[in-house]
Amino acid sequence: MNDIGWLFELANFVTVICVMSFAAFAAFGWDKAAAENGKRRVSEAALLNLALFGGIVGAYAGRALFRHKTRKQPFSRHLHTVALLQLFAAVFLTIFLW
């Protein structure tokens, strides 16, 4: 790869994070609307998976904006665990791959 190849890799990574965050944010909004209207819900596993695979920022933003799943303790604990795992992974990758 040429000298700016890392920039394309970084751009791809940022794009994936943005897309997954948007998807997680939208899923929280969709689930909140479905809960209020008695429609089919988005599973907690799906919400957590969206957060796990790069959408943690969107998950927290959607959770706060829509005030959805804020008091459900097992879900909150799992979401915080996902955030901590991603933080540890980011620190690890920054230290050992820099």
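These figures come from a predicted structure and were not determined experimentally.
For an aromatic pair to be called close, the ring centres must be under 6.0 Å apart, and Y60 with H80 satisfies this.
Linking ILVMFWY side-chain heavy atoms closer than 4.5 Å, directly or via other members, places L48 and W30 in a single hydrophobic cluster. No single ILVMFWY cluster, assembled from side-chain heavy atoms under 4.5 Å apart, contains both L85 and V57.
Although no hydrogens or angles enter the test, the distance criterion places no donor-acceptor pair under 3.5 Å between the side chain of D31 and the main chain of A27.
A pairwise comparison of heavy atoms in F28 and F75 identifies CZ-CZ, 3.7 Å as the closest pair. Scanning all heavy atoms of the two residues, the minimum distance from A59 to A51 falls at CB-CB, 3.9 Å. Closest approach of G55 and A24 over heavy atoms only: O-CB, 3.4 Å.
Atom-to-atom distance recorded for K72:NZ and R63:CZ is 12.0 Å, nearest 0.5 angstrom. Note that CG of L47 and CG of L52 are 12.5 Å apart. Values are rounded to the nearest 0.5 Å. Separation of atoms CG (L84) and CD1 (I56) is listed at 9.0 Å; rounding is to 0.5 Å. For the atom pair CZ (F22) and CD1 (I17), the distance works out to 15.5 Å, reported to the nearest 0.5 Å. A distance of 11.0 Å separates NZ of K32 from CG of N37, quoted to the nearest 0.5 Å.
Residues satisfying the ring-ring contact (aromatic ring centres under 6.0 Å, His included) criterion with F92, sequence neighbours excluded, are F96. With sequence neighbours excluded, the residues forming a side-chain contact (heavy atoms from CB on, under 4.5 Å) with Q73 are S76, R77, listed by chain and number. For K69, the side chain to side chain donor-acceptor pair (under 3.5 Å) partners at least two apart in sequence or on another chain are E44.
Put simply, the side chain of V14 reaches to within 4.5 Å of the side chain of C18, judged on heavy atoms. A 4.5 Å side-chain heavy-atom check between F53 and V16 finds every atom pair outside the cut-off.
Crowding of R41 atom CZ: a count of heavy atoms from other residues, nucleotides or ligands under 6.0 Å exceeding 12.
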